[in-house]
Participant: 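Input: one structure, supplied below.
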Amino acid sequence: MIAKVIVDVPSRQTDRPFDYIVPYHLQEWVEVGSRVGVPFGGRVLQGFVIQLQEESRLDQHKLKEIAELLDAAPPLLPDLIELASWMSHKYCCSHTQALQAMIPAALKGKEERFISINDDESDEWKSRVSAPLLHWLEQHSPKANWTVMMEQFPDEAAEIRKLIKDNKLQLQSYIKDKLAVKKVQAVYMPMQVQQQPFDALLDQLAKTALKQKEVLQYMYEQPQEQTIPIVNVTKELECATSTVRALVEKELLIQIDLEQQRDPYAGRHFKTTEPLLLTEEQQLVFEQIAITLDKQQPYTFLLQGVTGSGKTEVYLQSIDRCLKDGRQAIVLVPEISLTPQMVERFKGRFGDQVAVMHSRLSGGERYDEWRRIRNGESMVAIGARSAIFAPFQQLGLIIIDEEHESSYKQEESPKYHTRDVAVRRAMMHGATVILGSATPSLESYVAASMSNPKGKLSEDKRAALLSMTKRVNDRALPEVTVIDMKEELLANNRSMFSRRLHEALQERLQKGEQSVLLLNRRGFATFIMCRSCSYTMMCPHCDIALTYHQKSQVVRCHYCGYAEQTPTVCPACTSEHIRFFGTGTQKVEAELAKLFPGIRVIRMDVDTTSGKNAHEQLLKQFESRKADVLLGTQMVAKGLDFPYVTLVGVIAADTSLHLPDFRAAERTFQLLTQVAGRAGRHHLPGEVIIQSYTPEHYAIVTSQQHDYETFVQQELQHRRMLGYPPYCRLAVVTMSHDQLPLLSQVSHQFVEDLRQLADHEGVLVPLSSGFPRSLEVLGPVASPIAKMKDRYRFQCVLKYRGSIDIAALIQGTLHQYKEKSIQKKIQYSIDIDPQVIM
DNA sequence: AGCACGCCGACT
DNA sequence: GTCGGCGTGCTC
């Protein structure tokens, strides 16, 4: 049998299957999706079997054998292999990158090498190495670690290679996993012992061994061959481990290693909840979803529901319906809103069937949760982005909550968008997708509403828009006030708080209610600027301002890691007026303390949330009313639900409006709408105050009125005028090199070649022409970050429309560069803007 | 990505 | 005359 294997080398040249013979003893075990160790170019590499086929006589003589099988059960299933292949094409990444993204990092094996002395050879070679090396080899063979040897005897590397070639020494290597399964030592009483009368067993113990007797009795009373971890025994009976060991020595007990699963939620109790009675609106939505679930045909719903309309309950009941058919469900949530509150709702309804995967779990915990899914113990996976690859075999439902969130796009290769992958995966399984949001992304909204505006199912469509406009219990949306900060300035108020916000805060303090303050900034960097000469500290390797880290008193580049001490005087003009600028969360905090003496503030930013559970802990403190104000960036806006919050203030709504990003207005609208939903979710009425220098901007006006529809219409008009998605699709090709002239030359060449290829296919037509298939190539121009890690960066933007295989076009162009020197030195990065295929 | 093979400068 | 630089090319 021949296995086609994708080897774990992320390079363009090796990004294809290689053939290996499946050795006889592995024939029963190697499957599509298996992870194997294979000899490749003189070493052993990890690889994935993507196909199996019968041997043909033509090629087998040059083929090598699979060296080892790395897992008892294949970590990947055929559907994921197919999905990976689709991803590698669509997102222009190697197959191995796509495959690797699907399994926990714990399963990324690395080669480990050992060297041993070949016994049956003569001793004459021993004079060819130094005495210390020979001694070391003799001591450690046959498990002498190669890496250790190379570190200790670097000068003798060449001679060692020769000795291996001459068959005096032998090199062995195998793949070692990053993380092993956690084992606990456990004991059980073998049947033949347990069948004997207890007194007969006692005879084998010393009369004085009272503790051993206790243990023996305890084990004797267990059900037949019940395995119990030793720690449990010692805890229960308050005895030492050695006591148990003594019984193992006497063969009264047998010790084994028990695979243990780390349960990140161990010891927490989740209150069981029953399905709630749905409101009329929820019921209508649920019925539509139930129909497609029952049909088991792929379908995508965009569920637009105002904050507080009870989307989660609809999710829960949909999942329940899906589980009843014996199919599994995936729930995706933005990383930041995957809070214990959220987990609790799902665990409360579905109990242990829920597996949770997020970045705050350790590698081992994540691996264990993944294994629970893989072996069928778990039927519901809830997690961030990568949980879309949960290895379920019969997927019935995928839910993407807050589908507009930008964190669903992965920034590193493979640069996939979770939404697109979800729709694709659902197609393969006949599963239903629910995209939920109060403020859907324009591309989803347009795709769903064009596909099916009335929300009625029809046979020929695969998507529909569903909406919920009423809040559960008919609570009113909070009153939103927009303050024009220009007027504050005219009224000689130079503080960052408007008079209105100041009053409102004062009022909450008096009443003992809580407030949330949002500093609307993307990122949280604090940079350093001289107030005298406006010199800004920049990274010498990247075109990026250095960020200031308070804890370590250094300035650091967060793209390349370059760091230096924070200066006390300006390096350019030696002025002492060098200051930290940035998020200003600290500045806001200081001002709050000045204006409201004794105020208790919890600040959430990079500095305060870097620890493992810091984020969760801060929120807990706030929830238990240990603070009056929660102050922070975007992260305070997501999914929080505190009963005593009656005021939400946005310090400067327009800071995110003027970013060089065509989605800036959309992001601002979404953020403002979301924070507005934070206030007054319970019995106390809420108030929202938004401060802005451009209060007339449509993103601000419409968010004040909670008017998604009007915002969309205005924004669509802009997008159409400027030629941006959803009126076209975008792909950005970024190229980088350390020599600017060469980079410029190659990128111009690239654009020219791409145009030529597109023209050849008859699609190089301006978008304005109205042709169904059209493409424009813009650039090359310097990237927004013009230099990174000493490499200059140029980018080309492709705008296109219609059924154009943009990835194939780009790859086809790059493929033309036969000159290896160019191919190697220039680095390419290809970014496909998310597009909803429905 | 590694690692081997191969063709040109500074050393015993 | 050899050691070693890293440019080019291959890995089932």
Side-chain angles (χ1 to χ4, degrees), chain A residues 1-24 26-27 30 32 34-70 81 88 92-101 105 108-115 128 145-147 149-151 154-166 169-176 178 412-414 736-739 742 789 791 814-815 817-829:
Chain A
M1 196 138 59
I2 303 286
K4 293 200 174 289
V5 175
I6 297 289
V7 293
D8 192 17
V9 182
S11 106
R12 206 153 267 139
Q13 291 169 77
T14 49
D15 189 28
R16 62 184 178 84
F18 288 84
D19 292 346
Y20 288 89
I21 293 168
V22 182
Y24 184 72
L26 290 179
Q27 299 236 332
V30 171
V32 170
S34 288
R35 198 167 58 107
V36 291
V38 289
F40 190 78
R43 56 215 165 114
V44 178
L45 287 179
Q46 175 181 292
F48 290 98
V49 176
I50 58 156
Q51 205 187 321
L52 287 169
Q53 55 184 219
E54 287 308 310
E55 242 163 286
S56 73
R57 262 167 286 104
L58 286 163
D59 44 18
Q60 55 178 288
H61 54 100
K62 341 183 242 199
L63 300 188
K64 292 185 179 172
E65 286 192 353
I66 289 176
E68 57 178 331
L69 178 67
L70 299 176
I81 302 266
S88 77
C92 302
C93 67
S94 64
H95 286 80
T96 189
Q97 275 177 325
L99 291 164
Q100 208 71 62
K108 190 174 171 65
K110 263 190 91 179
E111 183 186 25
E112 200 164 65
R113 292 180 164 192
F114 293 98
I115 197 139
R128 286 160 62 183
N145 188 294
W146 172 272
T147 318
M149 180 177 71
M150 281 309 177
E151 272 163 21
D155 304 337
E156 300 187 66
E159 194 55 43
I160 286 168
R161 270 179 214 284
K162 275 186 211 153
L163 286 169
I164 293 168
K165 233 181 209 164
D166 296 348
L169 295 178
Q170 201 164 352
L171 183 66
Q172 283 155 336
S173 46
Y174 61 85
I175 304 286
K176 192 185 178 218
K178 269 229 179 80
E412 311 86 55
S413 191
S736 70
H737 194 267
D738 53 7
Q739 289 161 36
L742 179 65
K789 297 182 190 173
R791 300 177 70 95
L814 293 175
H815 211 72
Y817 302 124
K818 286 280 180 278
E819 296 128 283
K820 293 284 187 259
S821 55
I822 293 180
Q823 222 180 68
K824 259 190 186 162
K825 283 183 196 151
I826 301 266
Q827 278 178 16
Y828 305 92
S829 146

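Every chain is numbered from 1, with letters handed out A, B, ... down the list of sequences.
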Participant: Under the side-chain contact (heavy atoms from CB on, under 4.5 Å) criterion, do A:Lys108 and A:Asp8 qualify, and how do the steps go?
Facilitator: CA-CA 9 Å; A:Lys108 190 174 171 65; A:Asp8 192 17; 3.1 Å; yes
Participant: C:dC12 C1' sits how many Å from A:Glu65 CD, rounded?
Facilitator: 12 Å
Participant: Looking at C:dC12 and A:Phe18: do their rings stack (centroid distance under 5.5 Å, interplanar angle under 30°)?
Facilitator: no
Participant: Measure CD1/A:Ile2 against P/C:dC12 and give the value in whole Å, please.
Facilitator: 13 Å
Participant: In whole angstroms, how far is the P atom of B:dA1 from the CD1 atom of A:Ile6?
Facilitator: 17 Å
Participant: Round to a whole Å and report the spacing from CG of A:Leu45 to C1' of B:dC3.
Facilitator: 11 Å
Participant: Round to the nearest Å and state the distance from A:Arg43 atom CZ to B:dA1 atom P.
Facilitator: 10 Å
Participant: Polar-atom pairs under 3.5 Å, protein N or O versus N or O of nucleotides 2-6 of chain C: list them with distances, or write none.
Facilitator:
none

Participant: For A:Ser173, check side-chain contact (heavy atoms from CB on, under 4.5 Å) against everything at least two apart and list the hits.
Facilitator: A:Val44, A:Glu111, A:Arg113
Participant: Whole angstroms only, please: what is the CD-C1' distance between A:Gln13 and B:dA1?
Facilitator: 10 Å
Participant: With rounding to the nearest 0.5 Å, note down the distance linking CG in A:Leu163 to CG in A:Leu169.
Facilitator: 5.0 Å
Participant: For B:dC3 and A:Arg113 - does any side-chain N or O of the residue sit under 4.0 Å from the phosphate oxygens OP1/OP2?
Facilitator: yes
Participant: Is there a donor and acceptor pair closer than 3.5 Å between the side chain of A:Arg12 and the base of B:dA1?
Facilitator: no
Participant: Out of B:dG2, C:dC12, C:dT11, which has the shortest distance to the side chain of A:Thr14?
Facilitator: C:dT11
Participant: In chain order, what residues pass the side-chain contact (heavy atoms from CB on, under 4.5 Å) check against A:Ser736, with sequence neighbours excluded?
Facilitator: A:Arg791, A:Arg793, A:Gln827
Participant: Taking side-chain contact (heavy atoms from CB on, under 4.5 Å) as the definition, give me every residue that meets it alongside A:Gln170, ordered by chain and number, with sequence neighbours left out.
Facilitator: A:Ser116, A:Asn118
Participant: Please identify each residue that fulfils ring pair (Phe, Tyr, Trp, His ring centres under 6.0 Å) with A:Phe40, with sequence neighbours left out.
Facilitator: A:Phe18
Participant: Below 4.0 angstrom from OP1 or OP2 of C:dC12, is there any side-chain N or O of A:Lys62?
Facilitator: no
Participant: Pick base, sugar-phosphate or nothing for A:Tyr20, based on heavy-atom distances below 4.0 Å to the nucleic acid.
Facilitator: sugar-phosphate
Participant: In whole angstrom, what separates A:Ile160's CD1 from B:dC3's P?
Facilitator: 14 Å
Participant: Quick one: list whatever passes side-chain hydrogen bond (donor to acceptor under 3.5 Å, both in side chains) with A:Asp738, sequence neighbours left out.
Facilitator: none
Participant: How would you label the contact of A:Pro39 with the nucleic acid (heavy atoms, under 4.0 Å): base, sugar-phosphate, or nothing?
Facilitator: sugar-phosphate
Participant: Without decimals, in angstroms, what is the distance between A:Gln46 CD and B:dA1 C1'?
Facilitator: 14 Å
